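Reading through the structure tokens given below for one structure.
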Amino acid sequence: MLEEKIAVVTGASRGIGRAIAKELALKGAFVIVNYNGSKQAADETVNEITQAGGKAVGVQCNVADAAECEAFINNIISEYGRIDILVNNAGIVRDNLLMRISEKDFDAVIDTNLKGAFYMTKGVYPLFLKQKGGKIINISSVSGLTGNPGQANYSASKAGVIGLTKSVAKELASRGVCCNAIAPGFIATEMTQALENDALKDAIPMKRFGEAEEVAKLALFLASEHSDYITGEVIRIDGGLAC
């Protein structure tokens with residue numbers, strides 16, 4: 001399905017990013033597993049992919065740093081000749097009530113979640129124009145659609161990702177480039193492990209947390225030729241939480 005495609009997945013060393021990297025690789029893409037923290041975790045992702053017959057390599061880059069993002073993208077283009085798929089997944093949380101969120105924590109979330117997607121998208125923008133094609137998939141959140149108590153910084157960043165998605169989609173649509181966003185609800189990952197309880201599950205119409213692999217399958221669809229006439233969309237995957 002994705003044979004000979006080069007895919008970049010940011011924040012791919014764990015959780016949703018790891019699941020997306022694996023899904024794209026197992027469908028034929030060569031995946032650049034981006035990480036900023038644990039090289040060991042990124043190596044584990046790469047090993048899981050290669051052991052399953054896929055192809056991947058881990059590359060460090062702090063998406064909150066504009067210069068690092070520029071060098072990261074340029075190095076990939078120089079080594080592999082192209083990029084076909086960009087998945088902006090890297091994200092952090094610094095949850096607290098608004099009155100207790102420090103400027104430092106607000107900036108950290110915006111810098112990684114929103115500006116990171118901006119820097120990476122800006123990096124592939126001229127390449128996608130030249131190629132007259134490409135897929136950009138931004139991982140937002142239902143929090144960016146509905147807001148969430150204690151997550152003013154996170155919700156703002158994810159709402160910003162949606163605005164970025166729609167603007168880029170309109171700018172690049174005539175050149176055959178698709179830009180869409182996925183808005184997950186509660187997905188069972190390390191980040192949400194402490195939140196998983198029966199009361200929260202009861203608030204979800206489907207009565208369960210989603211799986212990272214379910215998000216990955218949606219990302220695969222958006223990365224494939226099956227979504228070539230879809231752009232500027234925000235697709236919720238939340239078990240009906242934000243209906």
Side-chain angles (χ1 to χ4, degrees), residues 1-38 40-59 61 63 76 80 82-91 116-117 120-121 124 128 133-142 158 161 165 177-193 206 208-231 233-239:
M1 181 183 287
L2 299 178
E3 286 76 12
E4 300 184 4
K5 301 291 187 181
I6 304 295
V8 174
V9 183
T10 69
S13 62
R14 61 190 178 93
I16 291 173
R18 175 179 286 191
I20 292 173
K22 290 170 62 177
E23 187 70 27
L24 299 185
L26 295 181
K27 293 302 186 290
F30 182 89
V31 178
I32 312 299
V33 174
N34 161 254
Y35 69 97
N36 185 44
S38 172
Q40 180 181 347
D43 288 343
E44 289 172 1
T45 302
V46 172
N47 289 338
E48 287 181 15
I49 289 171
T50 55
Q51 288 173 9
K55 297 178 181 180
V57 63
V59 181
C61 174
V63 301
I76 292 170
Y80 302 105
R82 61 186 296 116
I83 296 171
D84 302 286
I85 302 159
L86 170 63
V87 182
N88 287 311
N89 166 77
M120 296 296 287
T121 301
V124 301
F128 283 8
K135 296 294 183 80
I136 302 169
I137 303 163
N138 295 323
I139 306 303
S140 180
S141 168
V142 293
K158 292 303 187 178
V161 166
T165 298
V177 178
C178 299
C179 182
N180 294 288
I182 294 173
F186 289 104
I187 306 299
T189 65
E190 293 177 16
M191 187 180 291
T192 61
Q193 192 172 19
M206 293 191 74
R208 68 176 178 89
F209 276 25
E211 299 294 333
E213 290 73 19
E214 293 175 303
V215 181
K217 291 182 186 302
L218 175 54
L220 172 64
F221 168 70
L222 292 174
S224 75
E225 72 277 8
H226 299 305
S227 64
D228 283 351
Y229 198 56
I230 299 173
T231 195
E233 282 299 320
V234 181
I235 303 176
R236 290 185 301 104
I237 178 165
D238 64 356

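Residue numbers start at 1 and run along the sequence shown. Just so it is clear, the model here is predicted, and its values are computed rather than measured.
One finds a salt bridge joining Lys27 and Glu23 here, because a Lys/Arg side-chain nitrogen approaches an Asp/Glu carboxylate oxygen to under 4.0 Å. A salt bridge does not link Lys22 to Glu213: none of the charged side-chain nitrogens sits closer than 4.0 Å to a carboxylate oxygen.
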Open item on the list: Please determine whether side-chain contact (heavy atoms from CB on, under 4.5 Å) holds for the pair Val87 and Leu24, giving the CA-CA distance in whole Å, both sets of side-chain angles, and the decisive distance to 0.1 Å.
Closed with: CA-CA 10 Å; Val87 182; Leu24 299 185; 4.2 Å; yes
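For Thr10 (side chain) and Ala90 (main-chain N/O), a donor-acceptor pair under 3.5 Å exists by modelled atom type. Formation of a donor-acceptor pair under 3.5 Å by the Ser227 side chain with backbone atoms of Phe221 is found in this model. Asn89 places no side-chain N or O within donor-acceptor distance of the main-chain N or O of Ile139, the cut-off being under 3.5 Å. Between the side chain of Arg18 and the main chain of Ala12, no donor-acceptor pair closer than 3.5 Å is present. The main-chain N or O of Ile230 is found under 3.5 Å from a side-chain atom of Asn180 such that the two form a donor-acceptor pair. Looking only at distances, a side-chain donor or acceptor of Lys135 sits under 3.5 Å from a matching main-chain atom of Ser224.
The structure places OG of Ser13 at 10.0 Å from CG of Asp43, a figure rounded to the nearest 0.5 Å. Between the CD atom of Glu214 and the CG atom of Asp238 there is a distance of 11.5 Å, given to the nearest 0.5 Å. To the nearest 0.5 Å, atom CD of residue Glu211 and atom NZ of residue Lys217 are 11.5 Å apart. Here the CD1 atom belonging to Ile136 is positioned 6.0 Å from the CG atom belonging to Leu86, to the nearest 0.5 angstrom.
Inter-residue side-chain proximity for Asp84 and Ile6 is flagged as met; some heavy-atom pair is nearer than 4.5 Å. Counting only heavy atoms from C-beta outward, the side chains of Ile32 and Ile83 never approach each other to under 4.5 Å. For the pair Leu2/Ile85, a side-chain contact is recorded, criterion being any heavy-atom separation below 4.5 Å from C-beta on. The side-chain heavy atoms of Ile182 and Pro184, taken from C-beta on, include a pair separated by under 4.5 Å. Between Met1 and Leu220, the closest side-chain pair of non-hydrogen atoms falls below 4.5 Å. Proximity of Leu222 to Ile235: side-chain heavy atoms (C-beta onward) are separated by under 4.5 Å at one or more points.
By the neighbour-count criterion of 12 heavy atoms within 6.0 Å, atom CD of Glu225 is densely surrounded, having more than that number from other residues, nucleotides or ligands. The neighbour count for Glu3 CD, taken as heavy atoms of other residues, nucleotides or ligands under 6.0 Å away, is above 12.
Scanning all heavy atoms of the two residues, the minimum distance from Asn34 to Gly11 falls at OD1-N, 3.0 Å. Considering every non-hydrogen atom in both Gly54 and Leu26, the closest pair reads N-CD2, 4.3 Å. The heavy-atom pair separating Gly58 from Tyr35 by the smallest distance is C-CE2, 4.1 Å. For the pair Cys178 and Asp228, the tightest heavy-atom approach, listed with the atom from each and the gap, is SG-O, 3.5 Å. The minimum heavy-atom distance between Ser141 and Lys158, with the atom names listed, is CB-CG, 3.8 Å. Closest approach of Ser140 and Val161 over heavy atoms only: CB-CG1, 4.1 Å.
Between Phe30 and Tyr80, the ring planes lie tilted relative to each other; the angle falls in the 30° to 60° range.
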